[in-house]
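Encoded as structure tokens, the structure appears first; notes follow it.
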Amino acid sequence: MKAKTTTTYSMWSLFRNCRKACEWRYIQELAPLERDHNLAFGTVIHKCLEIWHSGRDLGLVLDFIDRTYPNRAQEEDQKREWHLAAAMMKGYATCYASEEFDVAALEKTFEGGIVNPATGASSRSFVLAGKVDGVVRIGDEHFLIEHKTASQVDADYLERLWTDFQIVLYSRYVEQTLGIRIAGVLYNILVKARLQQGRGETEAEFEARRADLIAKSKTGKSSAKRRLPESDDEFQARLAAKYTEPGMFHREMLYLSRDRFETLQSELWELTQAFLDARRRGVFYQNTAFCFHYRRSCAYFPLCRADGSTNVIENFYRKVPPHEELRDETSFEEASAF
């Protein structure tokens, strides 16, 4: 009997949004060479939170951050993310010096059948697998904990959490895996500070500013001094102060509607049938409305625009087995397509 194909919510979400992008990633197994810095940073913070909630040892967390950015002294991107990750996790450890919950599981994986709602039979073609950030216990109830990094947390952001179908669907599978009832989801949101390290002035910039001040001065003189680059310690102090402000860390609890479980299971089944049909006919349609979703181009836009050119594939993509979120190594390939 043919083995069932492992699928993830990431795959079905992409298929729902754009079938062609799903074909590129999950059938052709192509992933872009260029990685999204925002997604990469979010993955680093997820790992930091896993380490923190495993033993609440900030030293281990900061050591991981140091090892993640080994070239920060030479590369500006690494230095910027190192500063932000270190300050964020120091602030998080201070903000949540004590917790309202007990950790029941971290980075929990699961696998289960995809059920036909009409017959109750499991799909003969697919299983659904995934990984959740954790399961926590508050009083007598269990909740999934979902870590998120965000540029800001406002009313619109919190309202959109209701549309997070992935975590609702995964709750059902975690219930089956652990044999416990999941009451809801605790969203653990960390806001990315927008502060930038002061770069100071070049000699030419200083002389230009000084000349301008002299020209405006009645005495024809200026006591201006050259602005020096902000040191790492000075910048970390500014970041530390920022992370004491209200709103830099936020937790939102949503209780699950059991009716939504059934709705999402039905939707998932319909997606499997549409996928089987598309694969059988070899037709995966493009959804051009998704090409610039979330105010950025889809990771496969260059490939679609070039009609699948082998030259574009060789220069901008690489072969990567799908479902990297299920593997142990820290990765963010799956999310980069959306």
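Numbering starts at 1 and runs along the sequence shown. None of these values were measured; they are calculated from a predicted model.
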Under a plain distance cut-off of 3.5 Å, with no hydrogens placed, do His147 and Asp133 share a side-chain donor-acceptor pair? no
To the nearest 0.5 Å, tell me how far [X] [atom1] sits from [Y] [atom2].
X: Ser13; Y: Leu268; atom1: OG; atom2: CG; answer: 11.5 Å
X: Tyr187; Y: Glu252; atom1: OH; atom2: CD; answer: 9.5 Å
X: Tyr157; Y: His250; atom1: OH; atom2: NE2; answer: 9.5 Å
X: Cys291; Y: Arg296; atom1: SG; atom2: CZ; answer: 14.0 Å
X: Leu30; Y: Arg318; atom1: CG; atom2: CZ; answer: 11.0 Å
X: Met89; Y: Trp52; atom1: CE; atom2: CH2; answer: 7.5 Å

Stepwise salt bridge (Lys or Arg N to Asp or Glu O under 4.0 Å) check, Asp77 with Arg72: CA-CA 8 Å; Asp77 285 345; Arg72 58 188 179 277; over 6 Å; no
Among Gln197, Arg199, Arg238, find the one that has a side-chain hydrogen bond (donor to acceptor under 3.5 Å, both in side chains) with Glu230. Arg238
Looking at the rings of [X] and [Y], which for Trp means the six-membered one, are their centres under 6.0 Å apart?
X: Phe301; Y: Phe292; value: yes
X: Phe275; Y: Phe126; value: yes
X: Tyr300; Y: Tyr317; value: yes

Donor-acceptor contact below 3.5 Å, side chain [X] vs main chain [Y]:
X: Thr8; Y: His323; value: no
X: Glu29; Y: Lys319; value: no
X: Thr68; Y: Phe64; value: yes
X: Asn188; Y: Arg251; value: no
X: Asp57; Y: Leu60; value: yes

Report, as yes or no, whether the 6.0 Å neighbourhood of atom CD on Glu100 holds more than 12 heavy atoms from other residues, nucleotides or ligands.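 Check passes, neighbour count above 12.
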Contact summary for [X] and [Y], nearest pair of heavy atoms:
X: Leu256; Y: Gly184; result: CG-CA, 3.6 Å
X: Leu303; Y: Ser309; result: CD1-O, 4.0 Å
X: Arg56; Y: Ala97; result: NH2-O, 2.7 Å
X: Gly308; Y: Ile313; result: O-CD1, 4.0 Å
X: Pro70; Y: Gln78; result: N-OE1, 3.3 Å
X: Phe15; Y: Leu271; result: CE2-O, 3.7 Å

Check this for me: does any side-chain nitrogen of one of [X] and [Y] sit under 4.0 Å from a carboxylate oxygen of the other?
X: Asp156; Y: Arg160; value: no
X: Lys131; Y: Glu324; value: no
X: Glu270; Y: Arg16; value: no

Test ring pair (Phe, Tyr, Trp, His ring centres under 6.0 Å) applied to Tyr243 and Phe249, Tyr96, Tyr92, the passing residue: Phe249
Residue pair Pro117 / Ser266, side-chain heavy-atom distance below 4.5 Å: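 Yes, at least one pair of side-chain atoms sits under 4.5 Å.
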Between Ser123 and Val115, is any pair of side-chain heavy atoms under 4.5 Å apart?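 Ser123 does not reach Val115 side chain to side chain.
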Whether His53 and Phe101 hold their rings parallel, tilted or perpendicular, with breakpoints at 30° and 60°: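 Ring orientation of His53 relative to Phe101: tilted.
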Angle class for the Phe290/His293 ring planes (parallel below 30°, perpendicular above 60°, tilted otherwise)?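 Geometry flag for His293 against Phe290: tilted rings.
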Look at the side-chain heavy atoms of Ile, Leu, Val, Met, Phe, Trp and Tyr, link any pair under 4.5 Å apart, and say whether [X] and [Y] land in one connected group.
X: Ile167; Y: Leu106; answer: no
X: Trp82; Y: Val191; answer: yes
X: Ile27; Y: Trp12; answer: yes
X: Leu161; Y: Phe143; answer: no
X: Met253; Y: Val136; answer: yes

Check the pair Lys20 / Cys304 against side chain to side chain contact (heavy atoms under 4.5 Å, CB included), numbers first and verdict last. CA-CA 8 Å; Lys20 193 63 181 179; Cys304 289; 3.9 Å; yes
Check against salt bridge (Lys or Arg N to Asp or Glu O under 4.0 Å), Lys79 and Glu76: CA-CA 5 Å; Lys79 186 176 184 180; Glu76 284 300 316; 5.1 Å; no
Walk me through it: do Leu158 and Asp154 pass the test side chain to side chain contact (heavy atoms under 4.5 Å, CB included)? CA-CA 6 Å; Leu158 297 177; Asp154 54 19; over 6 Å; no
Stepwise salt bridge (Lys or Arg N to Asp or Glu O under 4.0 Å) test for Arg80 and Glu75: CA-CA 9 Å; Arg80 180 172 58 254; Glu75 298 182 16; over 6 Å; no
Of Gln273, Arg279, Arg281, which meets side chain to side chain contact (heavy atoms under 4.5 Å, CB included) against Asp277? Arg281
Could you tell me whether Arg19 sits above the aromatic face of Trp24, with NZ or CZ closer than 6.0 angstrom to the six-membered ring centre and within 45 degrees of the axis?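 Geometry flag: not set, cation outside 6.0 Å or 45°.
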Can you check side chain to side chain contact (heavy atoms under 4.5 Å, CB included) on Glu81 and Ile65, steps first, answer last? CA-CA 9 Å; Glu81 292 189 6; Ile65 294 172; over 6 Å; no
Derivation of the side chain to side chain contact (heavy atoms under 4.5 Å, CB included) call for Gln28 and Glu23: CA-CA 6 Å; Gln28 303 299 328; Glu23 180 190 19; 4.0 Å; yes
